[in-house]
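I have placed the structure first, in the form of structure tokens, so that the comments after it can refer back to it.
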Amino acid sequence: MVQIKVFYEPETELLTIFWQSPRPNQIATELGNDIILFKDGDTHEPIGIEVLSYRPGDDRISGISLELGQQNLVKT
């Protein structure tokens with residue numbers, strides 16, 4: 001089973017999703033539309049993404065809901 005880590009910072013409108021652990025040697029590549037892809041620096045395997053200027057209802061990522069405690073914060 002894969003563990004996905006999702007970090008949402010509403011104050012900075014930053015959504016970060018990792019499906020593998022962040023790495024000290026990770027590299028970032030901008031994909032366009034304010035989306036950043038994180039890759040392992042050695043294998044170049046994708047390990048996560050970051051979405052800049054993210055707000056609830058953003059249509060750049062669909063099918064994701066973000067929950068904190070019992071309150072549903074983001075549903076796209």
Side-chain angles (χ1 to χ4, degrees):
M1 176 186 285
V2 174
Q3 183 179 18
I4 296 175
K5 296 186 180 193
V6 178
F7 305 95
Y8 177 55
E9 299 176 28
E11 298 82 25
T12 58
E13 297 180 339
L14 186 63
L15 176 68
T16 307
I17 303 169
F18 278 100
W19 50 88
Q20 291 189 22
S21 296
R23 312 229 163 72
N25 69 335
Q26 70 191 23
I27 54 176
T29 304
E30 182 153 359
L31 300 177
N33 202 19
D34 288 334
I35 298 177
I36 310 289
L37 175 67
F38 294 112
K39 299 186 279 186
D40 181 283
D42 296 325
T43 66
H44 297 279
E45 179 181 10
I47 60 172
I49 62 169
E50 193 161 68
V51 182
L52 309 176
S53 302
Y54 181 84
R55 293 185 183 139
D58 193 319
D59 65 356
R60 290 176 288 171
I61 298 179
S62 62
I64 293 178
S65 67
L66 175 63
E67 296 181 13
L68 179 62
Q70 297 298 318
Q71 181 182 10
N72 189 12
L73 298 178
V74 177
K75 187 166 185 162
T76 60

| task | Taking side chain to side chain contact (heavy atoms under 4.5 Å, CB included) as the test, write out the residues that go with P46, two or more places apart. | result |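 Testing P46 for side chain to side chain contact (heavy atoms under 4.5 Å, CB included), a comparison that skips the adjacent residues, returns W19, L37.
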| query | Just by modelled atom types, is the N33 backbone N or O under 3.5 Å from a matching donor or acceptor in the R60 side chain? | reply |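 Such a contact is found between R60 side chain and N33 backbone.
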| query | Got a sec, which pairs hit salt bridge (charged side-chain N to carboxylate O under 4.0 Å, His left out) with one end in residues 37-54, sequence neighbours left out? | reply |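 Residue pairs with at least one partner in residues 37-54: R23-D40.
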| query | Pairs in or reaching into residues 5-18: which pass salt bridge (charged side-chain N to carboxylate O under 4.0 Å, His left out), with residues at least two apart or in two chains? | reply |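 The answer is E13-R55.
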| query | Should the pair Y8 and Y54 be assigned to parallel (<30°), tilted (30 to 60°) or perpendicular (>60°) ring geometry? | reply |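 Because their plane-to-plane angle is over 60°, the rings of Y8 and Y54 count as perpendicular.
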| task | Working to the nearest 0.5 Å, report the span between CD1 of I36 and CD1 of I49. | result |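 Interatomic distance, I36 CD1 to I49 CD1, rounded to 0.5 Å: 10.5 Å.
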| said: Check for me, please, whether I4 and L15 land in the same ILVMFWY cluster - side-chain distances under 4.5 Å, paths through other members count. | reply: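 Same hydrophobic cluster.
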| Sub-4.5 Å side-chain heavy-atom contact between T16 and V6 |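 Counting from C-beta outward, T16 and V6 never come under 4.5 Å.
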| For D34, salt bridge (charged side-chain N to carboxylate O under 4.0 Å, His left out) partners two or more places apart |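 Applying salt bridge (charged side-chain N to carboxylate O under 4.0 Å, His left out) to D34 gives none.
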